[in-house]
Amino acid sequence: MLGFGEKTATGIHLSGYRGWLVSMSRRRSGTEPLALVEFDLPVCANAPDLAETDVQAQLVDVLREVGEEYEVDFSNTCFALDPNVVIVKRSALIAGSEREMREHMQWEAEQFLVGEQDAFSVDYVLESEWGLFVAVRRSALAGYLALGKRVGMRRVDVDVPAFALYNAADGAGVFSSIAGSEVLVYGAESEAYMLLVDQGEAMQVAHCRWSEDDNAMDVLWGGVDRLVGAVGGRIECVRCAGGSVEGWGVELADHLQCEMALVDPLAEMVGEVASDWDPARRSEYAIAAGLVQRGLAF
Amino acid sequence: MIRVELIHGNRRGWFAQNGLWFSAILSAAVVCVLLYYLPMESDLMKDSFRSVRSPAETVKHPVQNEEKVRETLSESSEGISDGQGQIVERRRTPADTMYAAPAHEFPVDRAEVVATAASYAQSIESTKACFSAIDIVKQLPPNSQLELVSCIAGRFQLSVFVTGDVAIASVEEGLSEHLEQIASTVRKTDEQSAHLSLSGEEKSARKTVLETLNSARAKALFAEVEYWADLCGIDDIDLGEQSVIPAEEGPARWRRRLVGTGSYGQIQSFLDRVSARGNVAALGELILTPVSGADSYNKAVRISSAIDVSIGQ
């Protein structure tokens, strides 16, 4: 039973055949993790497949199983979107009011999605000098909504994985001390999400994916190199999270010739759950924890 | 915190995000007031109930409202049929399902476009229609100013501002060399100018089956495409991130968007280079928008294109 002013939220991050779930509760004493679960998926969780009945049924079974075993409250749940169905574009802002800037971003999005605007859900992130428009196919969103409803989630939400990573780092108090440009990187088994941050503001989003034939580090370095090109390659720090992060994170920092830090999404948390885990292990839950931050802020 | 609202799109601002709490608190306050006054001020409540209209009176309103709606609809439909001096001419080919859009909108059958795009995503064939875009722009009359041209899966849409007389028949005739099933709408913006919106299908669109590539070759090809754009003199090039267009049957597609700014000539030579590799790369979409501004004499057009390749499993 929740006390007055207490709120819980759950974040679910699916990537390939793996899933991560974080559930947290916000009380007056602080935010406390309730459950951190990593689990296998019977099917690959690509967004376009979520609408398929058999794929959905298998994912529903897994999520219900995890939910029952760890007593997860699914009433306020946020999914990380498959990056393949997300379009994020940066655009210079015009001088004017927030309304005028939003109209300008809307126009930019229309030029990009011409003829298909109705097929996309679009929103914007307005920073001081630029804006990011984010577009996701409505058909893909419908897949997440349908999955959530079948699991029994009362409120289903979605977020871009790179933004969830930013929010996880933000929740850990990282951005209070940022000056210059940094890259946030989350590495999963076959893909990585990246976000270029300049003076604490989100500047560019990138995603790369590799197959068994590829050298994952080559693909990752290529992706990060293209991303940091936007600031002339000058990076102060790369903040890493994900599986085996201590290995590839150090190599990536060497490659970029900058400092490396871990994103520990539970750094500012209270409570016993995962308190004895090392930060590298906790970083694997960074995306799911960032989704929870969003759910708790609502 | 970064927050985008992709599902709950209207939940921005304090009230939108806290509206449920606000409503609940307000409702609770109303209930408390009623509970306080109910036993003590029963006369007041009786008066209140007396002041409610009888059912006979209340049932009239929906009917009246319905009549009002009908009147409004009838007025508005007359307005459209009369044109009120706004619609000069509206032409439709029998096969077209174009809707009459407001003056500021492009007349697109959205369902059709989405369906076309969806079917294109399933296809392993590549249409070459987009490569003719600049040839089609050249067919526009000299007193016209292009606002936008888009080509998606062989379907063209043009938005043009015309000063002086609009000889729509001659415009259509000129474009019929490239397009068929042409549908156009002209709206007078003032005495001297008009807005022309036109759509059509590429005539005898050629299609080719793309050769499948492995991921390394596909990446190399995308890098090459960016290099071609640079070589052709296109500025502000931005090669977007790779997205995957899954297909139910056959190989998946990888798509990357390339945007930039250049003259028609520079863009044409870029399109020619992409066309020359038509066996492995397809131009899935092409959007051209003229750039306004003082320095737009040489760099006149913004190109947004989608380059597709077919990936082997």
Side-chain angles (χ1 to χ4, degrees), chain A residues 46 48-49 81 83-90 111-112 114-125 132-136 138-139 141 144-145 155-160 162-164 166-167 170-171 195 201-202 205-211 213-214 219 222-223 226 290 293-294 297-298, chain B residues 1-9 11-12 17-18 20 105-106 108-118 121 148-153 155 157 159 199 214-216 219 223 226 238-248 252 254-255 257 259 285-289 302 304 306 311 313:
Chain A
N46 294 324
D49 301 334
L81 287 164
N84 290 309
V85 297
V86 181
I87 300 168
V88 181
K89 297 293 290 179
R90 184 163 63 104
Q111 305 312 302
F112 197 78
V114 67
E116 281 202 285
Q117 293 97 320
D118 288 354
F120 284 86
S121 175
V122 181
D123 201 3
Y124 317 96
V125 178
L132 303 171
F133 88 74
V134 184
V136 181
R138 290 187 191 279
S139 55
L141 294 177
Y144 288 99
L145 280 171
R155 184 178 192 279
V156 182
D157 206 349
V158 294
D159 201 1
V160 179
F163 292 168
Y166 179 100
N167 291 340
D170 197 15
L195 179 70
E201 294 188 338
V205 171
H207 165 243
C208 64
R209 186 172 240 177
W210 51 85
S211 63
D213 301 334
D214 296 321
V219 177
R226 277 193 296 279
Q293 296 283 358
R294 175 192 172 94
F298 176 74
Chain B
M1 169 167 284
I2 300 177
R3 188 177 191 98
V4 285
E5 295 296 346
L6 296 162
I7 288 182
H8 311 282
R11 290 183 178 274
R12 284 204 172 276
Q17 294 194 13
N18 299 281
L20 279 175
E105 267 186 40
F106 200 79
V108 181
D109 186 327
R110 293 172 190 282
E112 190 184 341
V113 170
V114 173
T116 310
L148 181 141
V149 57
S150 76
C151 167
I152 299 171
R155 182 171 177 79
Q157 295 166 348
S159 180
S199 66
N214 62 30
S215 57
K219 285 170 192 168
E226 190 175 18
D238 182 10
L239 186 64
E241 288 310 310
Q242 181 181 294
S243 58
V244 180
I245 304 173
E248 280 177 7
W254 280 11
R255 167 170 288 190
R257 287 191 174 273
V259 298
E285 293 176 20
L286 178 72
I287 301 156
L288 301 176
T289 42
R302 185 164 184 266
S304 171
I311 297 295
Q313 299 298 322

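For the numbers below, each heavy atom of this structure counts, side chains included, while hydrogens, waters and symmetry mates do not. Order of the sequence lines sets the chain letters (A, B, ...), proteins ahead of strands, with each chain counted from 1.
Proximity to chain B (any heavy atom under 4.5 Å) is shown, for A:I87, by neither the backbone nor the side chain. The part of A:R226 that comes within reach of chain B is its side chain, from C-beta onward, which places non-hydrogen atoms under 4.5 angstrom from that chain. For A:N46, no part sits under 4.5 Å from any heavy atom of chain B, backbone or side chain.
Considering every non-hydrogen atom in both B:S215 and A:D214, the closest pair reads OG-OD1, 3.7 Å. Smallest separation of non-hydrogen atoms from A:L81 and B:L6: CD1-CD1, 3.8 Å.
Ranked by heavy-atom pairs under 4.5 Å with chain B, the list A:V219, A:V156, A:D213, A:D159 is led by A:V156. Among B:T289, B:V244, B:I287, the residue with the largest count of heavy-atom pairs under 4.5 Å with chain A is B:I287. When B:E241, B:R302, B:Q242 are compared by the number of non-hydrogen pairs under 4.5 Å with chain A, B:E241 comes out ahead.
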*Take B:V4 and A:L132 through the side-chain contact (heavy atoms from CB on, under 4.5 Å) test and state the conclusion after the steps.*
CA-CA 10 Å; B:V4 285; A:L132 303 171; over 6 Å; no
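Remark: B:D238 engages A:K89 in a salt bridge (charged side-chain N to carboxylate O under 4.0 Å, His left out) (not counting sequence neighbours). A search for side-chain hydrogen bond (donor to acceptor under 3.5 Å, both in side chains) contacts involving A:R209 returns nothing, not counting sequence neighbours.
With hydrogens and angles disregarded, no donor-acceptor distance shorter than 3.5 Å links the side chain of A:S121 to the backbone of B:I7. Side-chain atoms of B:R3 come within 3.5 Å of backbone atoms of A:R294 as a donor-acceptor pair (strictly under, hydrogens ignored).
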